*Asks:* 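Questions regarding the structure given below will be posed in turn.
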Amino acid sequence: MTGVQTCALPISISKNDAGGAIGYKGLKKMRKLAPEIPIVAIGGIKKEDIKNIAVIGVEGVSIISAISYSEHIKQTVEQMINEYKNYVE
């Protein structure tokens, strides 16, 4: 296995077939059980969720709806990248 993509949060309007969300607790458990496997969190993630996800130690965050529904996509993406970098670099 080269990596895991997991639904982090309970609300995702772009992934209606993704199954149940595992939440922050689930991400922490995955990270603890498999520290060598890259994890990307996806599913209903908003800017205010990035800190809680990044500090868990996942390798990435996939954000679809919060970007595609933004009225200022470039600004939204820049803010989210900076928010993530604040906690991983």
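Quick caveat, the model's predicted, so the values are computed rather than measured.
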*Asks:* Does Gln79 have any side-chain hydrogen bond (donor to acceptor under 3.5 Å, both in side chains) partners at least two apart in sequence or in another chain, and if so, which?
*Replies:* none
*Asks:* If every non-hydrogen atom of Ala41 is compared with every non-hydrogen atom of Ile53, which pair is closest and at what distance?
*Replies:* CB-CG2, 3.8 Å
*Asks:* Within this structure, what is the CD-NZ distance for the pair Glu83 and Lys47, rounded to the nearest 0.5 Å?
*Replies:* 5.0 Å
*Asks:* Output yes when a side-chain donor or acceptor of Glu59 lies under 3.5 Å from a complementary backbone atom of Ile39, and no otherwise.
*Replies:* yes
*Asks:* Would you mind telling me which of Ile50, Val77, Ile81, Asp49 makes a side-chain contact (heavy atoms from CB on, under 4.5 Å) with Ile63?
*Replies:* Ile50
*Asks:* What heavy-atom pair brings Tyr24 and Ile56 nearest, and what distance separates the two atoms?
*Replies:* O-CD1, 3.7 Å
*Asks:* Indicate yes or no: at least one non-hydrogen side-chain atom of Ile64 is less than 4.5 angstrom from one of Ile42.
*Replies:* yes
*Asks:* Apply salt bridge (charged side-chain N to carboxylate O under 4.0 Å, His left out) to the pair Glu36 and Arg31, showing each step before the final yes or no.
*Replies:* CA-CA 8 Å; Glu36 72 286 352; Arg31 177 73 307 149; over 6 Å; no
*Asks:* On a heavy-atom basis, which atom in Tyr87 and which in Ala54 lie closest, and how many Å separate them?
*Replies:* CB-CB, 3.7 Å
*Asks:* To the nearest 0.5 Å, what is the distance between CD1 (Ile22) and NZ (Lys29)?
*Replies:* 10.0 Å
*Asks:* Using the rule given for side chain to side chain contact (heavy atoms under 4.5 Å, CB included), can you reason through Val61 versus Met80, listing the C-alpha separation, both sets of side-chain angles and the distance that settles it, and then say yes or no?
*Replies:* CA-CA 10 Å; Val61 179; Met80 290 180 160; over 6 Å; no
